[in-house]
Amino acid sequence: MHKRLVLIAFALLTSASVSGVAMAEEGEGSLPHSGADITNIESLQRGSRNFMNYCSGCHSLKYLRYNRLATDLNLPESELPGNLIFGDAKAFDTIGTAMPADAEGWFGKQPPDLSLIARARSVDYIYAFLKGFYVDKARPWGTNNLVLPSTAMPDVLASLQGLQKPVYKNEKDEHGSSNMVLVGVEAMTAGALKPEEYDQFVRDTANFLDYAAEPVKAKRQSMGIFVTLFLLVFLAFAYMLKKEYWKDVH
Ligand code: HEC
């Protein structure tokens, strides 16, 4: 009986923490796993550099300040200007962009602020999105995207990745007529980075956006483990206390 109670309590505690993780990963469909690790500070440092060099021209991170970034990523604040801060922003400023607020006319859509994009979409989505550009002459920029069809974002990393071409498959629909369905992409020209290097580049960038969306995420997750352990230890004491109280009654 007692054993069973302990087992049930243990199952409840662990399932609570596991279901939290499962929920976070729901709805990502068949996206490839990015392998991004928010506790990997070096990856986040590289990701922040990638972001500042390749994305901040169009996208802001308006909920993140440079000095918070410096503290979390172990970067000396004195090294920010020239490395992460371009222009005359101060360390306590939030991460802005030079893109005017009415750039819609250029792209057909305003480049969104990316502070919360990893929470709105997911880190795997960003990873797949940045690997999903392919040549499509029908689009204004000459490229399209597997994950976000007809995206307004140009293929800004083409020089690093090289160009990709779409792969179609002939599929029959329920009426028996065959259609060409886009099933993936394959390399067409080589870029400055080898495929594994490009994957790492994109993984670091997506990882950095995951951090930006919730700077305390790594801390929260590690704290969760301690809280669960604490509850388990507490459970043992509570159980011993209960036995002590009831021992004369039985
Ligand atoms: C030349 C400007 C430009 C640059 C540079 C740029 N983007 Fe974008 N980005 C856009 C535009 C425009 C959109 C809106 C696309 C849409 O909604 O179709 C966008 C949208 C996005 C989205 C949202 C996609 C969605 O599902 O809503 C993500 C994520 C993103 N960009 C990531 C990046 C990253 C990471 C970089 C740097 C590697 C980058 N962008 C560089 C213009 C840019």
Side-chain angles (χ1 to χ4, degrees), residues 26-38 40 43-64 69 73 83-87 94-136 138-164 166 182 185 191-193 195 197-215 217:
E26 238 171 55
E28 282 167 23
S30 57
L31 288 176
H33 187 55
S34 66
D37 171 11
I38 202 151
N40 183 341
S43 161
L44 293 177
Q45 289 174 343
R46 290 192 299 268
S48 66
R49 197 184 52 208
N50 299 348
F51 181 87
M52 295 306 167
N53 284 305
Y54 290 92
C55 321
S56 67
C58 289
H59 294 287
S60 56
L61 291 174
K62 65 179 176 192
Y63 297 124
L64 187 61
L69 177 71
L73 270 51
N83 285 317
L84 291 184
I85 300 185
F86 306 111
T94 56
I95 301 177
T97 172
M99 186 56 57
D102 55 356
E104 213 178 312
W106 302 351
F107 300 104
K109 249 184 197 163
Q110 185 70 23
D113 178 82
L114 294 184
S115 307
L116 297 174
I117 195 76
R119 301 192 84 176
R121 304 276 192 261
S122 80
V123 62
D124 291 346
Y125 173 94
I126 299 169
Y127 178 76
F129 177 59
L130 295 178
K131 285 182 50 153
F133 285 91
Y134 64 90
V135 171
D136 180 355
R139 299 293 309 155
W141 302 110
T143 50
N144 206 332
N145 192 282
L146 267 184
V147 181
L148 186 63
S150 304
T151 182
M153 178 163 141
D155 184 3
V156 295
L157 299 176
S159 62
L160 301 180
Q161 187 188 23
L163 293 172
Q164 303 190 111
L182 179 61
V185 289
L193 298 181
E197 289 170 347
Y198 183 73
D199 284 359
Q200 188 61 44
F201 181 97
V202 169
R203 184 175 303 120
D204 293 339
T205 312
N207 199 15
F208 170 68
L209 287 174
D210 198 20
Y211 152 79
E214 195 188 346
K217 184 171 178 181

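One-based numbering, in listed order, for ligands and for the atoms of each.
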Who's closest to atom 28 (C) of ligand 1 heavy-atom-wise, of F129, Y54, F208?
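When every heavy atom of F129, Y54, F208 is considered, F129 comes closest to atom 28 (C) of ligand 1.
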Among N145, I117, L114, which one puts a heavy atom closest to atom 32 (C) of ligand 1?
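Among N145, I117, L114, the closest heavy atom to atom 32 (C) of ligand 1 belongs to L114.
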Within reach of ligand 1, part of [X] (heavy-atom separation under 4.0 Å):
X	result
N50	neither
R121	side chain
P112	side chain
V147	neither
F51	neither
T151	both

Do [X] and [Y] touch side chain to side chain, with heavy atoms closer than 4.5 Å?
X	Y	result
F133	V156	no
N207	I38	yes
T205	Y127	no
F201	L157	yes

Specify the protein heavy atom at minimum distance from [atom]: its residue, its atom name, and the distance to 0.1 Å.
atom	answer
atom 17 (O) of ligand 1	K109 CD, 3.1 Å
atom 24 (C) of ligand 1	L148 CD2, 3.8 Å
atom 18 (O) of ligand 1	A152 N, 2.8 Å
atom 37 (C) of ligand 1	C55 SG, 1.8 Å
atom 1 (C) of ligand 1	C58 SG, 2.8 Å

Considering the heavy atoms of [X], write down every atom of ligand 1 situated less than 4.0 Å from one of them.
X	value
Y125	25 (C), 26 (O)
V156	4 (C), 5 (C), 41 (C)
F107	1 (C), 2 (C), 12 (C)

message: Angle at atom 8 (Fe) of ligand 1, SD of M153 to NE2 of H59, rounded to 10 degrees, please.
response: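 Vertex at atom 8 (Fe) of ligand 1: approximately 180°.
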The side-chain hydrogen bond (donor to acceptor under 3.5 Å, both in side chains) partner of S60 among D113, T97, T94 is D113
Next item on the list: Apply the side-chain contact (heavy atoms from CB on, under 4.5 Å) test between V202 and each candidate in I126, L130, N50, L193; give the one that qualifies.
Entry: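 By the side-chain contact (heavy atoms from CB on, under 4.5 Å) criterion, V202 pairs with just one of I126, L130, N50, L193: L130.
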Which of these, L116, V123, I117, sits in a side-chain contact (heavy atoms from CB on, under 4.5 Å) with L209?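 Among L116, V123, I117, the one that satisfies the side-chain contact (heavy atoms from CB on, under 4.5 Å) with L209 is I117.
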Residues, nucleotides or ligands: over 12 heavy atoms within 6.0 Å of F107 CZ
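For F107, atom CZ is crowded (more than 12 foreign heavy atoms under 6.0 Å).
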Straight-line distance of [X] [atom1] to [Y] [atom2], nearest 0.5 Å:
X	Y	atom1	atom2	result
T151	R139	OG1	CZ	8.0 Å
S150	K109	OG	NZ	9.0 Å
Q110	C58	CD	SG	9.0 Å

> So is W106 close enough to ligand 1, meaning a heavy atom under 4.0 angstrom away?
Replying inline: no
